[in-house]
Amino acid sequence: MLKQVPRTSGSNCYLLNSISPESQKMCLRFDQTTRRPPYRRSRILARRQLLSKIQQEIEAKETCDWLRAAGFPQYAHLYEDSQFPIDIAAVKTDHDFLDKDLVEPLCRRLNTLNKCASMKLDVNFQRKKSEDSDEEDLCAISNKWTFQRTSRRWSRVDDIDTLLHRSARAVGEVTTGVHLASAALTGSTGDLLDLEKDELFPHLDDILQHVNGLQEVVDHWSKNVLPDMPNNDLSVGKSTSLPFQSTTQITLDFEGNSVSDGRTTPSDMDRDGASLNESEATGVRDRRDSGVGASLTRPSRRLRWNSFQISHSMSQSIASLQISNQSAVQLNLLQKFSLLRLTAIMEKYSMSNKHGWTWSVPKFMKRMKVPDYKDKNVFGVPLIVHVQRTGQPLPQSIQQALRYLRSNCLDQVGLFRKSGVKSRIQALRQMNESSPENVRYEDQSAYDVADMVKQFFRDLPEPLLTSKLGETFLHIYQYVPQEQRLQAVQAAIMLMSDENREALQTLLCFLSDVNSVEENQMTPMNLAVCLAPSLFHLNIVKKESSPRVIQKKYATGKPDQKDLSENLAATQGLAHMIMECNKLFEVPHDMVAQSRNSYVEAEIHSPTLEELGKQIDEEGGTYQMYIESLLQNLQKEAKEKFKGWITCPSIESTELTYKKVGDGNPLRLWKVSVEVEAPPSVVLNRVLRERHLWDEDFLQWKIIETLDKQTEIYQYVLNSMAPHPVRDFVVLRTWRTDLPKGMCMLVAVSVEHEEAPLMGSVRAIVMDCQYLIEPCGSGKSRLTHICRIDLKGHSPEWYNKGFGHLCAAEVARIRNSFQPLIAEGPETKI
């Protein structure tokens with residue numbers, strides 16, 4: 001208790017000379033509070049309570065956002081449904097496959113929500129609903145929870161099993177009652193009794209209604225929760241065969257995204273592989289520097305197909321744990337484990353995260369209006385725009401510069417350290433902007449080209465290490481112990497956007513090649529000193545900074561301690577990444593082991609011809625029946641004018657739309673339409689046999705087997721940006737030219753074939769690829785391309801942002817390959 005002493009004359013203060021400084025502050029604060037009027041004290045108290053409540057609500061919202069991003073959406077749903085507090089011990093049991101260090105961040109956040117629930121805070125967060133907002137809610141890393149698509153709620157698998165058991169038992173009891181009722185109605189003699197007597201069986205209607213209700217409940221679970229369980233084991237009455245579906249939907253069930261084709265440029269490490277058998281059915285092309293990876297895929301169906309079947313063997317998945325080999329579903333799962341791991345590490349060691357670790361994008365980034373960048377080709381253009389334009393995150397001219405430096409200039413002393421000539425660098429920039437497809441670096445100074453590459457990364461609208469994770473990378477090299485930095489950086493790289501991660505991998509591999517040549521005297525640390533400011537955007541005044549902040553920051557004329565610490569961390573971090581570039585883009589084995597069967601279930605593989613037929617009929621189905629169903633569905637969609645598709649902005653006068661399939665895989669189905677100056681049969685032949693005329697990434701092809709005059713097994717390889725692997729496709733494709741009104745069709749789907757070994761480094765999966773070519777006027781056609789592909793190595797977010805644009809670019813190239821004839825000479829009058 002504070003002891004009040006007499007006041008001095010002429011002063012309103014207490015005698016504080018004999019009290020410690022801390023006690024003096026408490027006394028002054030107490031004095032100020034007691035002298036305030038009661039109404040003012042109540043207002044201050046109410047204001048503090050309101051601020052505390054707002055702070056708690058913000059913390060609860062950030063916690064729910066983290067739970068969704070880290071693979072625990074069920075708890076966010078439970079909190080928003082006011083079903084908290086929750087038992088932490090049960091949570092630990094549900095996630096006993098995780099290390100203790102990984103469970104702690106989860107439990108810490110659930111305790112926060114328990115506290116918020118006890119305060120009875122408002123849980124109706126105004127979540128911004130976007131077209132992808134629901135998808136992150138449908139992936140839980142624990143297989144003890146399942147998402148009910150109909151009710152849009154999460155349930156424990158144990159609870160479902162219990163309900164099913166009880167429902168089945170109730171159905172059995174009620175069925176027995178129905179039999180007894182039937183016996184009572186027929187009587188002992190077998191003659192039908194008078195049904196008009198209400199007192200004969202007064203509860204018959206109630207029993208029948210109860211049976212119908214139970215049957216609906218059981219059917220609901222069988223269709224939406226346990227798709228792989230036969231219906232006759234769950235429901236009463238006639239059962240209908242369900243489409244085949246992977247059990248992935250139980251724990252990894254989300255809807256639609258898109259895919260984009262990875263283009264490659266030739267590198268010194270050429271990986272074309274062995275050439276195909278020399279025959280008329282074989283084609284081989286050299287890897288080109290330019291060209292967009294054409295993406296193909298096929299339209300929406302209600303049929304399930306075996307590419308979503310579980311592969312219980314870990315052979316290919318474990319043998320190649322590179323990020324570039326992961327399916328979209330696998331990468332989505334691995335990103336959640338990576339966020340959980342990185343959160344545990346940073347909360348343990350980082351000094352600036354006392355209130356939890358969040359990954360929300362800064363608000364200023366959300367409010368920024370994204371320009372169209374139509375007036376820019378190379379410099380100052382976001383990497384995702386380059387992906388949408390060409391299929392690759394780095395422009396061809398920048399890739400060409402890296403190849404030129406690697407092939408001709410690695411022995412130059414002080415490469416990237418010595419400055420080039422400013423006027424020549426500016427001339428190179430102008431050449432890249434004006435004609436990026438015709439840039440030639442021969443006879444150019446190595447130092448000029450190297451400086452131009454640095455300026456490309458420095459001029460990016462956001463740092464290569466991303467605005468979202470740039471500070472995280474710095475904290476890793478500032479606070480995390482050296483023995484744990486590699487796994488922390490691996491987790492952070494897994495969370496990067498795909499286009500930034502691919503560009504970073506290309507650059508680090510190039511810098512590793514520079515470091516491997518002793519003559520240039522450029523060690524990893526020397527390279528990091530020269531390039532870290534450009535990659536992290538250090539010492540660059542942000543546009544959002546106020547003049548007062550800028551004046552205060554640079555008033556002394558020297559960097560402050562924070563800047564020095566960040567520069568040192570960036571330099572050490574980049575040097576470490578250059579030395580470990582071959583490990584950074586691998587999936588850690590322990591992460592795969594912790595994911596249990598979820599990682600294996602998320603793998604996607606091609607079906608055989610026999611398995612395709614079973615999608616139509618388990619006993620007598622054939623691949624011909626499967627193909628015919630695709631053709632019929634395409635004709636039906638065309639007849640109905642493709643209803644239900646969502647329109648997107650497109651490029652080069654094409655019409656771009658998409659729709660979500662809802663089959664457990666997050667990839668969207670894309671559709672592009674354009675008019676072509678050629679009749680349908682000519683356009684079909686251009687797509688079928690003349691791909692080399694419109695796809696510069698087309699490297700190799702081979703007809704594996706001809707099944708009939710209009711059906712074949714076809715294998716081809718598409719290029720990718722070095723050092724990323726080229727992609728191999730094996731498809732069953734068929735075409736029709738005898739359709740009504742002169743239409744032509746081509747459909748293709750990935751299959752597994754024993755005579756089609758892997759020619760590229762990664763085998764992509766074509767889930768949908770269809771071309772509909774309709775006549776429209778004299779000598780013209782309307783080409784509609786429907787496509788859905790898992791190219792491997794890309795996340796659903798990347799597919800959503802880029803794949804539709806790649807489809808549009810592909811169709812535009814097909815159209816542009818039919819150049820109209822231009823008559824030469826002066827115009828004449830007739």
Sorted by chain and residue number, the salt bridge (charged side-chain N to carboxylate O under 4.0 Å, His left out) partners of K583 (sequence neighbours excluded) come out as E580
Apply side chain to side chain contact (heavy atoms under 4.5 Å, CB included) to Q487 and list each qualifying residue two or more places apart in sequence or on a separate chain. R341, I345, Q484, Q490
Verify whether the ring centers belonging to Y75 and W66 lie closer than 6.0 Å. no
Test S673 against T784 for side chain to side chain donor-acceptor pair (under 3.5 Å), laying out the working first. CA-CA 4 Å; S673 299; T784 300; 3.2 Å; yes
Kindly write out the residues that satisfy side-chain hydrogen bond (donor to acceptor under 3.5 Å, both in side chains) with S324, not counting sequence neighbours, or none if the list is empty. none
Is any side-chain heavy atom of L535 closer than 4.5 Å to a side-chain heavy atom of L574? yes
Please give me the minimum heavy-atom distance between V674 and S653, naming the atom from each residue. CG2-O, 4.0 Å
With E652, which residues qualify under side chain to side chain contact (heavy atoms under 4.5 Å, CB included), at least two apart? A812, R815, N816
Centre-to-centre under 6.0 Å for F698 and H692, is that the case here? no
Presence of salt bridge, K792 and E603, under 4.0 angstrom: no
With sequence neighbours excluded, tell me which residues meet side-chain hydrogen bond (donor to acceptor under 3.5 Å, both in side chains) with Q455. R429
Could you tell me whether R68 and E80 have a side-chain N and a carboxylate O separated by less than 4.0 Å? yes
Any H475 side-chain heavy atom under 4.5 Å of T472 side chain: no
Using the test side-chain hydrogen bond (donor to acceptor under 3.5 Å, both in side chains), find all partners of S338 that sit at least two apart in sequence or belong to another chain. none
Return the CZ to CG distance between R501 and L331, rounded to the nearest 0.5 Å. 5.5 Å
Which residues pass the side-chain hydrogen bond (donor to acceptor under 3.5 Å, both in side chains) test with N500, not counting sequence neighbours? S497
Between the side chains of Y599 and Q326, is a donor N or O closer than 3.5 angstrom to an acceptor N or O? yes
Quick check: do P723 and T506 have side-chain heavy atoms less than 4.5 Å from each other? yes
Looking at residues at least two apart in the chain, or sitting in another chain, which of them share a salt bridge (charged side-chain N to carboxylate O under 4.0 Å, His left out) with E502? none
Measure across S397 and V439 and return the closest heavy-atom pair with its distance rounded to 0.1 Å. CB-CG2, 4.0 Å
Could you walk me through whether Q392 and Q399 pass the side chain to side chain donor-acceptor pair (under 3.5 Å) test, one step at a time? CA-CA 10 Å; Q392 299 177 1; Q399 296 182 44; 2.6 Å; yes
Answer whether the closest heavy-atom distance between the side chains of L718 and R691 falls below 4.5 Å. yes
Run the salt-bridge test on K801 and E499 with the 4.0 Å N-O cut-off and return the result as yes or no. yes
List the residues meeting side chain to side chain contact (heavy atoms under 4.5 Å, CB included) with S650, not counting sequence neighbours, and say none if there are none. T654, L656, A808
Suppose we screen for side chain to side chain contact (heavy atoms under 4.5 Å, CB included). Which residues come up paired with S817, at least two apart in sequence or across chains? R686, W694
Note, V592 side chain near F337 side chain (heavy atom, < 4.5 Å): no
